[in-house]
Number of protein chains: 4
Amino acid sequence: MLERTEKNSRAAQQELKSLRDRIVRLEEQKKEIAEDIKETYAEAKGRGYDTKALRQVVKREMETAAEAEKRRETEAITELYLANLGMLDGTPLGDAARERVVKAEEQDKGDDDAPPPSGEKRGIFTAEEIDEARSRGASDSREGRRIIDNPFMAGDPRRAAWDEGHCQERGSDGMDIPDSWRRKSKAVAPPEKDVQP
Amino acid sequence: MLERTEKNSRAAQQELKSLRDRIVRLEEQKKEIAEDIKETYAEAKGRGYDTKALRQVVKREMETAAEAEKRRETEAITELYLANLGMLDGTPLGDAARERVVKAEEQDKGDDDAPPPSGEKRGIFTAEEIDEARSRGASDSREGRRIIDNPFMAGDPRRAAWDEGHCQERGSDGMDIPDSWRRKSKAVAPPEKDVQP
Amino acid sequence: MLERTEKNSRAAQQELKSLRDRIVRLEEQKKEIAEDIKETYAEAKGRGYDTKALRQVVKREMETAAEAEKRRETEAITELYLANLGMLDGTPLGDAARERVVKAEEQDKGDDDAPPPSGEKRGIFTAEEIDEARSRGASDSREGRRIIDNPFMAGDPRRAAWDEGHCQERGSDGMDIPDSWRRKSKAVAPPEKDVQP
Amino acid sequence: MLERTEKNSRAAQQELKSLRDRIVRLEEQKKEIAEDIKETYAEAKGRGYDTKALRQVVKREMETAAEAEKRRETEAITELYLANLGMLDGTPLGDAARERVVKAEEQDKGDDDAPPPSGEKRGIFTAEEIDEARSRGASDSREGRRIIDNPFMAGDPRRAAWDEGHCQERGSDGMDIPDSWRRKSKAVAPPEKDVQP
DNA sequence: AATGCTCCAGCTGAGC
DNA sequence: GCTCAGCTGGAGCATT
């Protein structure tokens, strides 16, 4: 019996020890990688990037399609709530929020499955058209147009593409990152909470 | 000495006990309020509100001016990063991001303190003009204009005010909250990650 | 229709606004109380208390009976794991862990429902006996016995009561809290990880 | 100039993109490892281990010497607070807490650097003596002694070693882990909060 | 004093 | 329906 007991005890103990060691090793690897990530952010900060913004970018890049959709939905609803409460303070509704309202209105008016009313062709642009808008943004940038001169209307998917093209074309002096990429670059006086009385 | 010791011991103990009880009482109050908050969110959810969006709204409402400014700055930089990486996926730059770029460009071109180039009067609208835009949004809504017909250009502060006016005017059937305020109202097929090739 | 729409819109908006304000108000109250708690801890720290330990005390005080039981169970199992892995480093098993092992052994030996073997009467002490142990701890303290001279054996519930009596009796000089209540009081050289080769 | 601008822009963009991708890759690795850890815990749970206790064990194993010392100090102070508030509920003071009190008392009595009073030799056991205690725990276990029969007094460092030896010797039936290692094994009736009136 | 990091608790979503 | 694990957000702590 002594033999049996000893052996079984050892078995359970060995198993426990093995589990512990496996986890410890994995945790150490995880910790190392976390270190690397932290270092990378530190390096980015040293070069003038806004780490908070960078974190957001990373988050977005890692989103699945479903998560992105969910996020966009929440953002749109948030904007609608803000608009209804008069809290937009300067930032107009994004396209998703507008679209949401339009869709709700259409359904409201009856389920007669009415096609998009006017002659617009909302959301049905080909990849070529989108790309063309991006190229045009780039060339407009080269020709000195400013980012606020985006020719596409709100709600037009080419609007974002033009922005991308323009941004990707814009330059900077030397190796430096653009001023607009930095924090506090202009740190204007903190605005009063309510501009509109 | 026994007396002294006992007395002092009691003093320290009483103090510790008092501190403990004070904190426990406060923690209990805090817990109660947290309960109330949770209940309120549950109620909101029951009535069809998106609690996640509602939480955002609450957060914004509680922001100080400085915090709001900081948030807007980070948001703008994030958008610029996304634009430069071609990750805007449909959501064009907001006004703050555009403004940021323009400011950086101006400084770039030389500190000749150039005034806002064209005839625009960016950012210098009176409260009256802003209010007028809000009223116009409301009346446009009554006249059947849609939220995507906002007449003000991107970058114009009246754009947001018009949106507010329009939203605040829009109605719903019965006591119900508008469809656009609900989650999953249209839950379209989750889009592929890259629309633009 | 305009009337109806307007009215309903207002209703939904009012509801949203009301929800928001209710939550904001509650959150503000919560924040205030959190402030008070923080201040209390700061005060305690100022008087020499170890806030981390104090937090633990508060946590325990707020535990429900079920939570306390669960915690004790987890603690006991943790100790057993540590013992089996040779990681006890100086802290012997607590009574709960010993009891756990004994119970398991008994069941192991057969479900003959054997009564506690020897003449001990584990766990069946009256409140009076417990109180007596506490009083004895107090008087032993007055008579100069030291806290390490607890006469009750490990596993005896009176052991903890004697400790309580002794501690509650011990004094300090002046208004000051005892040295043993402070952090770093003796900060001995950080021990090497493995005392036992 | 166009060339310059384009090139520099590209440089900054490439840098940003590179930073983003580096972080994304690291985050993915981290996520994978986190998966592995989770799986390991799940496996442990499946075999009857208490994952919460296992987590604690892992935490301890990963502690540095300094962190361990700090933890022990906080634990000791917590116990002293509990004792003084009459909240020990059954768990007597651990050795560290006792030692702490004794040290404070000694200093109190004057810095005459008094040697440990009685004939004890606290804390000055050789590694051999400690190991001997461990072996004795193991053999005592084989001879049928129970874990509550630890012959070393509270405060004696050999006490923990004996416990380790005993635990490491104890067996179990078949491959199974001991009952005492499982949760809810005995789930006694949740005790009333105050046993002592 | 302000910032960044780490830890913890509380909330959310899944799963029996 | 309740529990439970995962996760996000906030709070404390250390640091500069």
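Model, not experiment: these values are computed from the prediction. Each chain gets a letter, A, B and so on, in the order the sequences are listed, and its residues count up from 1.
- You'll find the side chain of C:Met62 stays beyond 4.5 Å of the side chain of C:Glu67, heavy atoms only.
- Between C:Arg182 and C:Gly48, the closest heavy-atom pair is CG-O, 3.8 Å.
- When rounded to the nearest whole Å, the span between NZ of D:Lys52 and P of F:dG6 equals 13 Å.
- Here the closest heavy-atom approach between residue C:Lys30 and residue B:Ile37 is recorded as CD-CD1, 4.1 Å.
- Going from atom OH of B:Tyr41 over to atom P of F:dG9 covers 12 Å, rounded to whole Å.
- Taking a pair as Watson-Crick or G-U wobble with both distances under 3.5 Å, the runs of three or more consecutive pairs in DNA chain E are E:1-16 with F:1-16.
- Distance, A:Gln56 CD to F:dG9 C1': 13 Å, rounded to whole Å.
- Residue B:Ile23 contributes atom CD1, which lies 11 Å from atom P of F:dG12 at whole-angstrom precision.
- One finds a side-chain N or O of B:Lys38 lying less than 4.0 angstrom from the OP1 or OP2 phosphate oxygen of E:dC11.
- Against DNA chain E, the stretch residues 24-32 of chain D makes no heavy-atom approach under 4.0 Å.
- Note on D:Lys45: only backbone sugar-phosphate atoms sit closer than 4.0 angstrom, heavy atoms only; bases stay farther off.
- Rounded to an integer number of Å, the gap from B:Arg55 CZ to E:dG10 C1' is 10 Å.
- Taking all atoms of both residues into account, the shortest heavy-atom contact from D:Ala12 to A:Tyr49 is O-OH, 3.4 Å.
- Rounded to whole Å, the distance from CG on D:Leu54 to P on F:dA5 is 13 Å.
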Before giving the answer on salt bridge (charged side-chain N to carboxylate O under 4.0 Å, His left out), spell out for A:Asp179 and B:Arg100 the whole-Å C-alpha distance, their side-chain angles and the decisive distance to 0.1 Å. CA-CA 9 Å; A:Asp179 272 2; B:Arg100 214 178 164 80; over 6 Å; no
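- Nearest-nucleotide positions on DNA chain E place B:Lys70 closer to the 5' end than the other of B:Lys70 and A:Glu35.
- Within 4.0 Å of B:Lys59, counting heavy atoms only, lie sugar-phosphate atoms of the nucleic acid but no base atom.
- B:Ile77 and A:Asp50 get closest at one heavy-atom pair: CD1-OD2, 3.4 Å.
- At E:dG4, none of the side-chain N or O atoms of A:Thr51 fall inside 4.0 Å of OP1 or OP2 (strictly under the cut-off).
- A salt bridge is defined here as a Lys NZ or Arg NE, NH1 or NH2 lying under 4.0 Å from an Asp or Glu carboxylate O, and C:Glu43 with B:Arg22 meets this definition.
- To the nearest angstrom, P of F:dC4 lies 12 Å from CD of C:Glu67.
- Salt bridge present: A:Glu75 and A:Arg71 bring a charged side-chain N and a carboxylate O closer than 4.0 Å.
- The heavy-atom pair separating A:Ala44 from D:Leu19 by the smallest distance is CB-CD1, 3.8 Å.
- The CG-P distance, from D:Asp36 to F:dG6, rounds to 14 Å in whole Å.
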